[in-house]
Amino acid sequence: MVYPASISELDNPTFQLAVAQFDQAAEAMDLDVNLRERLRVPQRSLTVAIPIRMDHGAVKVFMGYRVQHDLARGPSKGGLRYHPDVTLGKTAALAMWMTWKCALAGLPFGGAKGGVRVNPAELSISELERLTRRYASEILPFLGPDKDIPAPDIGTNAQIMAWIMDTYSHQVGYSVPGVVTGKPLSIGGSLGRLDATGRGITDLTMEALRTCDITCDGSSVAIQGFGNVGSAVARLLYEAGLRVIAVSDATGGLYNPKGLPIPEVLQSYHEHEELFGELNVGDRITNEELLTVDVTVLVPAAVSEQITELNAPKLQCHLIIEGANGPTTMEADEILRENGVLIVPDILANSGGVIVSYFEWVQDVQRFFWSQTDIEKRLKAIITDAFQRTLAFSKHKKTTMRMAALMSGIEQVAQAHMARGLYP
Ligand code: NAD
């Protein structure tokens, strides 16, 4: 891929994937060439050094990023990731996907993403707090409920959001709950936020099965990733009556074609933080094997670029609901399309998290809080409507759901840019 020299620092396989998807959609919708140039790159990219005094006394410096891809439709919104693979390019790709995701769901946000290159498991709780507070203060001029609103992602959680909210609030001198979402209920978090991404994936899985005339009885599911998203999907689909036959985390998977007892697996995982503890409920499989088991629904809910041209021909599922961001490469997409696998793409499938984050932000700004039932009902209405709109558009355009979702999201952003014009 050829980039203008000025953005070569973003070069990274995940950014290449995001830009290639954007280029394909832009071409299909005949997007204005000037807008294409602008939307291929993020509006703002901030790189910060985060010096932390470690518990043993020495200072260690971590690299942090916050990328705001587009601000035309409102403040930017996106997760914060703590992971050793975080780079500026990967963060920029994730920020771009957030722009399309928010626009597709009709939320008044642009896309952003943040990250720190760190393995949080190697830090003590006090080191993690110092890292988070220093990161927040370094990016503070770019943050705010009307500017940019972080949320949890891989390696971060409600406690980390609470430290960011506290750091920001101390700087401005009063409590600002709307500066982050996914925070604890006691400081303005929302009911239903913790499992919102998993709940949205569950709503979409049921909607997709209904649309494809597949009954739940006998339908099976395999889930890669057993973190916030994957474990919630496992629990909610199990409760909905699907047979969850395989789950995995970074160390490998657990497989039982008759179905895994998910409540027991969850309890054991919670206690021992491993899938293969005392529990004897299935066989050990690798992550690669999990992707290719004979199953109705596959939910990749771990990291990007897991389904590639190497394993795509071996996949045996009917439906893929992308919980992770960017789990499928462009080459794999094409193979799966030819093999008749319906893919509900990431920017639609995992939008439950940002939809309930939007609810949290609205509740914080209005200081008026909703019930769990209200939240679940509104989430289901928004996400299933986005699914049906995207499906209808993909049929109308004779294209994949991924392209239809991207084109719909990009169209909303393009209209906002056209209406606002080019400043100055
Ligand atoms: P998490 O950190 O809670 O869990 C990640 C899981 O993936 C863990 O079980 C980990 O062991 C596993 N994993 C890591 N590397 C792996 C590998 N190479 N192979 C297999 N498994 C691996 O993160 P999360 O919040 O559950 O996010 C998972 C995915 O969903 C990410 O791609 C994230 O961007 C996306 N996502 C999350 C949210 C959210 O609300 N948390 C919203 C939208 C999208």
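A quick note: this is a predicted structure, and the numbers were derived from the prediction, not measured. Numbering of ligands and ligand atoms starts at 1, following listing order.
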CG of L191 to CG of D374, rounded to nearest 0.5 Å, is 10.0 Å
So which heavy atom in the protein is nearest atom 14 (C) of ligand 1, and how far is it from that ligand atom?
-> A250 CB, 3.8 Å
Counting heavy atoms only, which of L275, I201, N228, L290 comes nearest to atom 25 (O) of ligand 1?
-> N228
Among protein heavy atoms, which sits nearest to atom 27 (O) of ligand 1, and what does the distance come to when rounded to 0.1 Å?
-> I154 CG1, 3.7 Å
Any R81 heavy atom less than 4.0 Å to ligand 1 | yes
Heavy atoms only: which of G253, G227, G78, G353 is nearest to atom 8 (C) of ligand 1?
-> G227
Within 6.0 angstrom of K395 NZ, more than 12 heavy atoms from elsewhere | no
Among G200, G252, G79, A301, which one has a heavy atom closest to atom 28 (C) of ligand 1?
-> A301
OG1 (T211) and CE (M206) are apart, to the nearest 0.5 Å, by 11.5 Å
Sub-4.0 Å atoms of ligand 1 with respect to non-hydrogen atoms of A302 = 7 (O), 13 (N), 20 (C), 21 (N), 22 (C), 28 (C), 29 (C), 31 (C), 32 (O)
Could you pull out, from G230, S231, G323, the option with a heavy atom nearest to atom 35 (C) of ligand 1?
-> G323
Around atom 33 (C) of ligand 1, find the nearest protein heavy atom and jot down its residue, atom name and distance.
-> D153 OD1, 3.3 Å
Looking only at protein heavy atoms, what sits closest to atom 9 (O) of ligand 1 is F226 N, 2.9 Å
Sort out for me which residue in L94, V118, V116 forms a side chain to side chain contact (heavy atoms under 4.5 Å, CB included) with R81.
-> L94
Measure the OG1-CG distance between T197 and N350 for me, rounded to the nearest 0.5 Å.
-> 6.5 Å
Counting each atom of ligand 1 from 1 as listed, which ones have a heavy atom of R193 under 4.0 Å away?
-> 40 (O)
Considering only heavy atoms of N287, which atoms of ligand 1 have at least one such atom less than 4.0 Å away?
-> 19 (N), 20 (C)
Using 30° and 60° as the class limits, which term best fits the ring planes of F22 and W100: parallel, tilted or perpendicular?
-> parallel
Closest non-hydrogen protein atom to atom 42 (C) of ligand 1, residue and atom name please, with distance?
-> T197 OG1, 3.3 Å
Using a 4.5 Å cut-off on heavy atoms from C-beta on, say whether the side chain of Q267 contacts that of I262.
-> no
Value rounded to 0.5 Å, distance of CG in L185 from CZ in R193 | 12.0 Å
For atom 18 (N) of ligand 1, which candidate among V303, L94, D346 holds the nearest heavy atom?
-> V303
Do any nitrogen or oxygen atoms of N325 come within less than 3.5 Å of a nitrogen or oxygen of ligand 1?
-> yes
Interfacing atoms of ligand 1 (cut-off 4.0 Å, heavy-atom, G155) | 2 (O)
Which residue and heavy atom of the protein sit nearest atom 41 (N) of ligand 1, plus the separation | V229 CG2, 3.7 Å
